[in-house]
Amino acid sequence: MTALDQMVGFPQQQYGANAGQARLVARNVSAWFGTKKVLERISLNMEPGQVSALIGPSGCGKSTFLRILNRLHELVPVAALSGSVELDGENIYGPTASVTRTRLKIGMVFQKPNPFPSMSIAQNVLAGLRLSGTKVHNRDALVQECLERAGLWKETRNRLNESGYSLSGGQQQRLCIARALAVRPRVLLLDEPCSALDPISTGVIEETIRELCRDVTIVIVTHNMQQAQRISDTCALFLIDDEGKPGYIVESGPTDQMFSRPNDPRTADYVNGRFG
Amino acid sequence: MTTTATLTAPLPPGSVDDTPITFSSGHSSADRAFFGLLACSAGIVLMLLVALVVFLFAHGWWALVHFNVRFFTGTVWSAPLEPGVLGLLVGSVEIGLVALFFAFPISIFTALMIVEFAPPPLRRTLTALIDLLATVPSIVYGFWGLEALTVWVQSPVSWLAKYFGFIPIFRTLEPGRFDDSIFICGLIVAIMIIPVITSISREVMSQAPREACEGALALGGTRWGMITDVILPFSRSGIVGATLLGFSRALGETIAVLLILSANNQVTAAILGPDGGSVTKQIAAFFPTSSPNGQSELTLAALTLFATTLIFSLGGRLVVQGGLRRRRS
């Protein structure tokens with residue numbers, strides 16, 4: 001049990017002794033918006049303690065797939081889904097699965113930083129605990145630990161009561177990572193977290209991701225091939241054949257192999273920048 | 001021939017003149033004409049406000065000089081000899097408060113229903129219906145209140161008076177006579193201001209950043225958590241603005257009040273009884289038949305109501321700004 005566990009007060013048996021790392025498995029996931037099918041039977045294993053990158057051109061369903069992994073897809077009124085997503089063998093879309101508990105276990109960081117506008121930096125970090133009604137024994141220590149893990153502590157330690165909006169874009173994104181970490185997720189989903197950031201902020205966030213993957217399973221959507229190479233252990237390439245057709249996975253496997261000796265020529269073309 | 005970019009070393013401080021230049025306006029004549037049009041429109045609104053206040057002062061001057069402070073502290077309006085506006089003003093504010101008591105929660109919950117929970121077809125229908133309600137003339141609400149609402153609420157109001165009569169606001173000296181009370185008036189005015197508060201609140205709530213709302217849900221929050229932690233804090237100042245607008249409308253409502261309220265005009269906390277008065281009712285009922293001095297008294301009453309609305313509005317704004325400052329610090 002880590003210091004963070006004790007501070008937050010999660011019961012140990014809730015997540016098992018090896019809390020933090022979890023295997024996420026998608027089985028034959030298809031998705032629709034109304035009558036339009038956007039994903040075609042996606043099956044993918046996201047291994048514990050690893051960074052899995054989802055790559056592919058815009059509009060091929062990567063972000064939709066990521067939103068399916070923590071049940072945000074169903075917020076769209078006309079959205080539909082088939083298949084299953086299992087977190088350590090438990091179907092998160094099962095009849096007894098709770099949406100809010102699933103989202104507590106599978107955190108999400110969005111493309112655009114989205115700190116809560118009415119909250120201070122410290123309140124933003126603690127927002128997830130407040131929203132989920134989790135008791136916190138030592139708020140200050142928890143805020144510090146989460147901000148340290150997100151690589152933001154040094155820049156914010158003297159301004160914790162300022163609005164989260166007062167931070168720069170890169171800092172806001174790290175605040176969102178800290179906020180997601182505070183509820184102690186087992187999986188962290190990142191949807192192009194660096195797309196709006198400068199190279200220095202991107203470097204800091206990549207470093208943060210590499211450190212976090214020791215404790216948390218990470219799935220990241222990225223358009224940046226170098227980034228996928230730098231930070232991911234496994235990769236999956238999404239493609240669509242034609243406009244209006246559903247996206248599917250062309251190939252997935254260890255990142256080294258995907259970039260150096262892929263099995264499918266389309267993977268070689270994509271990672272070498274010949275299309276997309 | 002190729003051109004190469006070269007970097008120049010920064011000049012030492014003080015070596016060149018670096019005073020800021022003045023920006024030339026450089027606007028086209030079309031821009032200037034458009035600005036003139038906008039300035040005229042804004043100027044007309046400002047002049048109307050000034051003209052209104054000047055008119056009220058000019059016509060109420062006789063009463064102000066003649067009765068002085070007594071006018072504002074007197075609790076019984078017995079014009080033309082002893083007009084005291086306080087009783088009428090208290091009645092108006094009570095009507096406004098009763099209206100807000102019912103309208104505020106219904107409006108906020110309806111706006112939340114439209115913004116967050118209703119499926120798109122129901123959302124469109126509800127929005128259209130609310131906008132439609134806002135266009136119904138107040139005389140229609142007044143008649144409906146007089147003919148229907150007073151009958152429907154007779155039993156619950158009697159029950160309140162019977163079992164909670166020990167509380168001053170539910171006490172009444174004339175049990176069974178509730179149809180011309182401040183309570184009924186407030187209830188009708190509540191129905192009139194619900195569309196106003198709902199419509200503005202819905203608009204403000206729908207502006208809450210969707211990314212932050214999704215962020216709250218993605219953290220394991222419930223819909224209710226998202227509403228209390230993201231939507232309501234974001235919309236707070238707009239909701240207060242909408243409420244103040246509703247309250248101002250309740251204070252100024254005339255037709256429904258004129259149709260329903262009794263002729264009495266004393267200061268009373270007993271909102272279920274027939275004793276309360278209202279500034280607007282008094283003006284509408286007696287202005288045409290009053291003497292010039294009587295009209296001056298009523299004009300000063302109108303000015304007092306105007307000032308009261310202004311005070312409530314400014315007070316509300318200050319509360320919101322204070323809250324925002326506390327949140328930022």
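Each chain gets a letter, A, B and so on, in the order the sequences are listed, and its residues count up from 1.
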> At a heavy-atom separation under 4.5 Å, does A/Arg71 approach chain B through its side chain, its backbone, both, or neither?
Replying inline: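 Contact with chain B: none, neither part.
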
>> Between A/Ile106 and chain B, with a heavy-atom cut-off of 4.5 Å, which part of the residue counts as in contact: side chain, backbone, both or neither?
In response: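 The backbone, not the side chain.
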
Greater than 12 external heavy atoms within 6.0 Å of [X]'s [atom1]:
X        : atom1 : answer
A/Arg139 : CZ    : no
A/Arg130 : CZ    : no
A/Lys37  : NZ    : yes
B/Phe109 : CZ    : no

>> Quick check on the structure: residues of residues 212-229 of chain B within a heavy-atom distance below 4.5 Å of chain A, by number.
In response: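 Those residues of residues 212-229 of chain B which have a heavy atom under 4.5 Å from chain A are B/Ala212, B/Glu214, B/Gly215, B/Ala216, B/Leu217, B/Ala218, B/Leu219, B/Gly220, B/Gly221, B/Thr222, B/Arg223, B/Gly225, B/Met226, B/Asp229.
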
>> According to salt bridge (Lys or Arg N to Asp or Glu O under 4.0 Å), does anything in residues 88-97 of chain A pair up with another residue at least two apart or in another chain? List the pairs.
In response: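 Those involving residues 88-97 of chain A are A/Asp88-A/Arg186.
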
>> Using the side-chain contact (heavy atoms from CB on, under 4.5 Å) criterion, which residues pair with B/Gln207? Sequence neighbours excluded.
In response: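 Only B/Glu203, B/Phe234 meet the side-chain contact (heavy atoms from CB on, under 4.5 Å) criterion with B/Gln207.
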
>> Looking at chain B, which one of A/Lys112, A/Arg67, A/Met108 has the largest number of heavy-atom pairs inside 4.5 Å, strictly under?
In response: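 The option with the most such pairs is A/Arg67.
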
Return all side-chain donor-acceptor pairs below 3.5 angstrom for residues 112-122 of chain B, not counting sequence neighbours, or 'none' if the list is empty.
residue  : atom : partner  : partner atom : Å
B/Glu116 : OE2  : B/Arg210 : NH1          : 2.9
B/Glu116 : OE2  : B/Arg210 : NH2          : 3.3

